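Just the heavy atoms: all of them, side chains too, but no hydrogens, waters or symmetry mates, feed the values below. Read the numbers this way: they start at 1 and go in the same order the structure lists the ligands and their atoms. Quantities reported herein were computed from a predicted structural model and do not represent experimental measurements.
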Amino acid sequence: MLDMLVIAPHPDDAELGMGGAIAKFIAQGLKIGVLDLTSGEPTPFGSLEIRDRETAQATQVLQLPWRENLGLPNRSLEATLEARRLLASVFRRARPRILFAPYWVDAHPDHVAATQMIEAARFWSKLSKTDMPGEPFHPERIYYYYCVHLRLVDPPSFVLDISDQWETKERAIRCYQSQFVTGRPADQPTVIDRLKEQAAYWGWSIGTRYGEPFASREPIGLSSLNDLL
Ligand SMILES: [Zn+2]
């Protein structure tokens, strides 16, 4: 069903961490989905209705063919057995070969819980002789995107060139007005200016205009060096 699934603690994390990669993979013909774990609300300038509308707009900008929300509690996300079961059931239904999870070091407890939950659910998803719905399925790879609430620059395992996708990523992020524009100081640099500077830094690190970093706990296999920048 899906080639790849991005799991996000809150609606906007997928766009922030890897909106460029999502746009790129879709342009390459891959079927990619986003699973938001919570509503992301409450926030100072958002509401459930506003956040839903913003998420729908960003989904349209990215032209995502698949997006769902698992309905877990925002701000008190926990890697419980029940949450693991729910998530593993999505993996068994959507059958993505590759998972994307938040980077494992973060100040936001929801993000840390999400990463733990995703890794555990990936393992549970392959179990046989269980009462979980669907057939056993093991997502082959898991990579980690950076959407980190720390001023932290841990070296990534690879950086993806998103020079041609930055504009789409910025438009998708701008859909979340309640998170990045409303009530924020208009002084330069704005939140979005900072994001662009970070993307430019990662682009610089690989010799392109813009980039997005990713981490992997396991070695990354290559069949050739032809696509390396
Ligand atoms: Zn978040």
(request) Quick one: sort the Phe158 and Tyr143 rings into parallel, tilted or perpendicular, breaks at 30° and 60°. (result)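 The rings of Phe158 and Tyr143 stand perpendicular, inter-plane angle above 60°.
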
(message) Counting backbone and side-chain atoms alike, is an N, O or S atom of Asp110 positioned under 2.8 Å from the Zn ion (ligand 1)?
(response)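 It does not; every qualifying atom lies at 2.8 Å or beyond.
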
(request) Please state whether the separation between the Zn ion (ligand 1) and some N/O/S atom of His111 is under 2.8 Å? (result)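 An N, O or S atom of His111 is closer than 2.8 Å to the Zn ion (ligand 1), so yes.
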
(message) Quick check on the hydrophobic clustering: are Tyr146 and Val34 connected, directly or via other members, by side-chain heavy-atom contacts under 4.5 Å?
(response)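 No, Tyr146 and Val34 fall in different hydrophobic clusters.
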
(message) With a 4.5 Å cut-off on side-chain heavy-atom distances among I, L, V, M, F, W and Y, is there a chain of contacts connecting Ile7 to Tyr176?
(response)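 No, no single cluster joins them.
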
(message) Counting the benzene-type ring for Trp, do Tyr103 and Phe214 have ring centres under 6.0 Å apart?
(response)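 No, too far apart.
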
(message) Checking one value in my table: which N/O/S atom of His10 lies closest to the Zn ion (ligand 1)?
(response)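 For His10, the N, O or S atom at the smallest distance from the Zn ion (ligand 1) is ND1.
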
